[in-house]
Amino acid sequence: MDPEEFRRAGYAVVDWIADYWTTLGERPVTSQDPPGTVAAALPPAPPAHGEPVEAVLADLDSLIAPRLTHWQHPGWFGYFPANTSGPSVLGDLVSAGLGVQGMLWATGPACTELETVMLDWLAGLLDLPEKFRSTGRGGGVIQDSASSATLVATLVALHRAGEGRWRQSGVDRRYRAYTSTQGHSSIDKAARIAGLGADGVRPVEVDPVTQAMRPEALRAAIEADRAAGVVPAIVVATIGTTSTTAVDPLPEIGAICAEYGVWLHVDAAYAGAAAVCPELRWTHAGLAHADSYCFDPHKWLLTGFDCDAFWVADAGELIEALTVLPEYLRNAATESGAVIDYRDWQVPLGRRFRALKLWFVLRWYGVEGLRAHIRSGVALADRFAERVAADARFELVAPHPFSLVCFRLRAGDEASAELLARVNATGRVHLTHTRVEGRYTLRLAVGAPQTRQEHTDEAWELLASAATEILTD
C-alpha cells in the first residue's frame with residue numbers, strides 16, 4: 001500500500017466510521033446471534049492474494065458490525081462508559097501512522113515530552129496536589145488501564161515496605177494489601193501477580209448506606225496484621241467504586257496510612273474525570289496523603305481505550321523498583337539523567353504514542369467542552385434518578401454523585417432480574433447489574449457521547465412499562 005493507495009483507502013475507512021456513528025441509534029445495542037456466528041462465517045484461511053479495501057469494508061458491514069456490542073450507542077448504559085470521539089480516533093490514527101516506539105526518550109523524544117506535559121495538563125485540570133507534577137519529585141505516565149496502574153503501585157509499595165529488599169529478594173515475608181469489599185477485582189489480580197496470593201488482600205468492611213470503606217475497620221485490620229507479624233504494604237482507596245460509585249473517605253484513610261507508613265494508592269478509574277468540574281472536586285479531599293493516583297480518560301473523558309493516567313508523588317521510588325537497563329538500551333540521553341525513560345514506569349518495555357490522542361482531545365474540546373460533557377452525564381443521571389424515586393414500585397439503592405444510578409424493584413431479586421432481561425431484550429438500551437448488600441440491583445451508567453435526554457427518558461419508559469408487565473403477571 002503506497003501513500004496514494006493509503007490515502008484512497010483511508011478516506012473510505014473514515015467515511016465508514018462516520019456512517020457508523022451516524023447510524024448507531026438505529027442499531028440494536030447488542031447482538032442477538034449465538035456464540036460462534038462470526039467464527040463460522042469466516043473462511044478457514046487468509047486469502048492467497050490481496051483484496052481491495054472495499055471488500056474488507058463490505059464484510060465489516062455485513063459480518064462484524066451487526067454482531068458487536070455497541071459501546072458508543074446512545075442507549076448504552078452498561079458497566080461504565082468507554083468513550084471515544086473523533087479527535088481521539090484521529091490522534092490514534094496519527095500514532096499508528098507514525099509507529100513510534102516510546103520506550104526511551106531517545107527512541108521518541110517528542111513522544112516522551114508530550115506525554116509528560118499532557119499528564120501535567122491533566123493534573124492541573126483535575127487540580128491534583130502539586131506533588132504529582134513533573135516539576136517536582138513526582139509525575140505522571142499513561143498506563144494501558146487502571147489495572148496496570150494498581151499493579152505498578154503494588155510493586156512499588158512492596159519495594160518500599162521491604163526497604164528495598166523486594167527488588168533483589170522478592171517477597172521475603174508476609175505482606176498485605178487492603179481495599180474495601182467494593183474494591184475492583186484488579187486489586188486481587190495485582191496481589192496474585194506480585195506473589196502475595198489470594199490471602200494477600202484483606203477486604204475492609206464498608207458502611208451499609210454509603211458503601212464506602214470504614215476507616216475504623218481499616219485501622220483494626222492493619223493493627224491485627226501487625227500483631228500477627230504481617231507487613232501492611234498498600235491500601236487501595238476508591239473514588240467511584242464499580243458497583244455503586246461509592247467514594248472512600250480519603251482524609252481518614254490517608255491519615256491512617258501516614259501513621260503506619262503504608263503506601264496509599266487512589267483508584268479513581270471512572271469518577272476521576274468528574275474532577276474537571278470544580279463542583280465535583282470534593283471527591284479529592286484528602287488526596288494530599290496519596291502516594292499514587294489514577295483515572296481513566298478512556299472511561300468518561302472522550303478518549304478511546306487504552307489510556308489510564310497514573311501519577312506518583314515520588315518518581316524516584318517507582319524507577320528504583322522497576323528499572324532494568326541492559327546494554328542494548330544504554331544511550332547518552334539516559335546516562336545524562338536529564339530525561340524521562342517511561343520504560344521504567346510500567347511493566348512492559350515497549351509503549352505506544354498514546355499521548356497524541358489525549359493531546360487531540362484536550363485541544364479539540366478544551367476545558368469547557370470537557371466540563372460540559374461531564375455535567376451533561378450528571379444531569380441526565382439526576383433526572384433519571386428523580387423518575388425512579390417518584391415511582392413507588394422502585395427504590396434507589398445508593399447515592400449517585402456522578403452519572404451512575406443504582407436501583408431495583410421493591411418486589412425483590414427475581415422481579416428485578418426479570419426487569420433487566422426484558423429491557424435489554426428490546427435492543428434499544430443495555431443496562432448491567434450488581435449486588436448491593438446481597439440484593440440484586442440494576443445499574444444505569446450515563447456517559448456515551450451521543451446519549452441525550454431522549455435516550456435516558458426512553459430507558460425509563462421501557463423500564464416502567466416492563467415493570468408493569470412483570471408486576472401484573
Side-chain angles (χ1 to χ4, degrees), residues 1-18 20-21 50 52-53 56-57 60 72 82-123 125 134 139-145 148-149 152 294 296-299 301-311 322 325-326 328-334 336 338-366 369-370 449:
M1 184 180 281
D2 63 33
E4 284 308 311
E5 290 173 317
F6 173 77
R7 190 188 312 276
R8 183 181 65 83
Y11 287 149
V13 171
V14 169
D15 283 344
W16 188 93
I17 295 171
Y20 169 75
W21 285 342
V53 70
V56 179
L57 293 179
L60 195 56
Q72 308 307 312
N83 286 172
T84 192
S85 64
S88 177
V89 171
L90 294 175
D92 253 341
L93 177 62
V94 175
S95 175
L98 293 174
V100 168
Q101 170 52 264
M103 56 191 176
L104 302 166
W105 179 90
T107 63
C111 178
T112 296
E113 294 184 20
L114 182 66
E115 185 163 335
T116 301
V117 174
M118 288 305 97
L119 271 292
D120 281 345
W121 278 16
L122 278 180
L125 186 58
S134 68
V141 61
I142 298 176
Q143 304 282 355
D144 57 8
S145 64
S148 290
V152 169
C294 77
D296 292 338
H298 66 233
K299 279 196 170 69
L301 210 62
L302 298 166
T303 305
F305 189 85
D306 54 357
C307 185
D308 170 83
F310 173 64
W311 288 269
L322 298 185
L325 185 59
Y328 53 78
L329 292 180
R330 293 186 178 277
N331 62 88
T334 296
S336 74
V339 301
I340 293 174
D341 288 335
Y342 277 128
R343 67 183 177 83
D344 294 328
W345 296 51
Q346 61 178 24
V347 172
L349 171 62
R351 57 198 335 270
R352 298 187 299 111
F353 199 168
R354 297 187 188 95
L356 273 175
K357 60 185 171 187
L358 198 53
W359 189 43
F360 273 49
V361 166
L362 292 174
R363 294 187 65 183
W364 177 268
Y365 289 102
L370 295 174

Task: Set of residues satisfying side-chain contact (heavy atoms from CB on, under 4.5 Å) with respect to N331, sequence neighbours excluded - done: L104, A106, A333, T334
Open item on the list: Could you check whether any side-chain heavy atom of Q72 comes within less than 4.5 Å of a side-chain heavy atom of P449, counting everything from C-beta outward?
Closed with: yes
TODO: Apply side chain to side chain contact (heavy atoms under 4.5 Å, CB included) to W311 and L122, showing your working.
DONE: CA-CA 10 Å; W311 288 269; L122 278 180; 3.7 Å; yes
Open item on the list: If you compare all heavy atoms of A149 against all heavy atoms of F310, which two are closest, and at what distance to 0.1 Å?
Closed with: CB-CD1, 3.6 Å
Open item on the list: Measuring only between side-chain heavy atoms, which start at C-beta, is S148 closer than 4.5 Å to D306?
Closed with: no
- [ ] Mind checking the CD1-CD spacing from I142 to E115? Nearest 0.5 Å is all I need.
- [x] 4.0 Å
Open item on the list: Check this for me: does any side-chain nitrogen of one of R7 and E4 sit under 4.0 Å from a carboxylate oxygen of the other?
Closed with: yes
TODO: Assess whether atom CH2 of W21 is packed by more than 12 heavy atoms of other residues, nucleotides or ligands within 6.0 Å.
DONE: yes
Task: Heavy-atom pair of closest approach, residues G304 and T84 - done: CA-OG1, 3.8 Å
Open item on the list: Going by the rule side-chain hydrogen bond (donor to acceptor under 3.5 Å, both in side chains), which residues pair with D308 if we only count those two or more places apart in sequence or in a different chain?
Closed with: none
TODO: State which residues pass ring-ring contact (aromatic ring centres under 6.0 Å, His included) with Y342; sequence neighbours excluded, sorted by chain then number.
DONE: W345
- [ ] Can you sort out the partners of W16 under ring-ring contact (aromatic ring centres under 6.0 Å, His included), two or more places apart, ordered by chain and number?
- [x] Y20
- [ ] Would you mind reporting whether L329 and D341 have side-chain heavy atoms less than 4.5 Å apart?
- [x] no
- [ ] Starting from the C-alpha separation in whole Å, work towards a yes-or-no answer on side chain to side chain contact (heavy atoms under 4.5 Å, CB included) for L301 and L370.
- [x] CA-CA 7 Å; L301 210 62; L370 295 174; 4.2 Å; yes
- [ ] Please report the shortest heavy-atom distance between T112 and G102, naming the atom on each side.
- [x] OG1-O, 4.4 Å
Task: Residue list, side-chain hydrogen bond (donor to acceptor under 3.5 Å, both in side chains) with Y11, at least two apart or on another chain - done: none
TODO: Answer yes or no: is there a side-chain heavy-atom contact under 4.5 Å between L356 and L98?
DONE: yes
Task: Minimum heavy-atom distance between R354 and D144, given as atom pair plus value - done: NH2-CB, 3.5 Å
Task: Heavy-atom pair of closest approach, residues L349 and M103 - done: O-CB, 3.2 Å
TODO: Tell me, please, which residues at least two apart from S85 pass side-chain contact (heavy atoms from CB on, under 4.5 Å).
DONE: P87, S88, L302, V361, Y365
- [ ] Grab the two heavy atoms, one from M118 and one from L358, that are nearest each other, plus how far apart they are.
- [x] CB-CD2, 4.1 Å
Task: Partners meeting side-chain hydrogen bond (donor to acceptor under 3.5 Å, both in side chains) with Q346 (sequence neighbours left out) - done: R351
- [ ] List for me each residue that meets salt bridge (charged side-chain N to carboxylate O under 4.0 Å, His left out) alongside R330, sequence neighbours excluded, and say none if there are none.
- [x] E327, E335
Task: E113: partners by side-chain contact (heavy atoms from CB on, under 4.5 Å), with sequence neighbours left out - done: W105
Open item on the list: List the residues meeting side-chain hydrogen bond (donor to acceptor under 3.5 Å, both in side chains) with R343, not counting sequence neighbours, and say none if there are none.
Closed with: none
Open item on the list: D92: which residues meet the salt bridge (charged side-chain N to carboxylate O under 4.0 Å, His left out) condition with it, sequence neighbours left out?
Closed with: R352, K357
- [ ] Would you please name every residue forming a side-chain contact (heavy atoms from CB on, under 4.5 Å) with P3, sequence neighbours left out?
- [x] none
- [ ] Check step by step if side chain to side chain contact (heavy atoms under 4.5 Å, CB included) holds for F353 and L114.
- [x] CA-CA 9 Å; F353 199 168; L114 182 66; 3.8 Å; yes
Task: side chain to side chain contact (heavy atoms under 4.5 Å, CB included) between V94 and L90, intermediate numbers included - done: CA-CA 6 Å; V94 175; L90 294 175; 5.7 Å; no
TODO: State, with a plain yes or no, whether a side-chain heavy atom of V141 is found less than 4.5 Å away from one of L119.
DONE: no
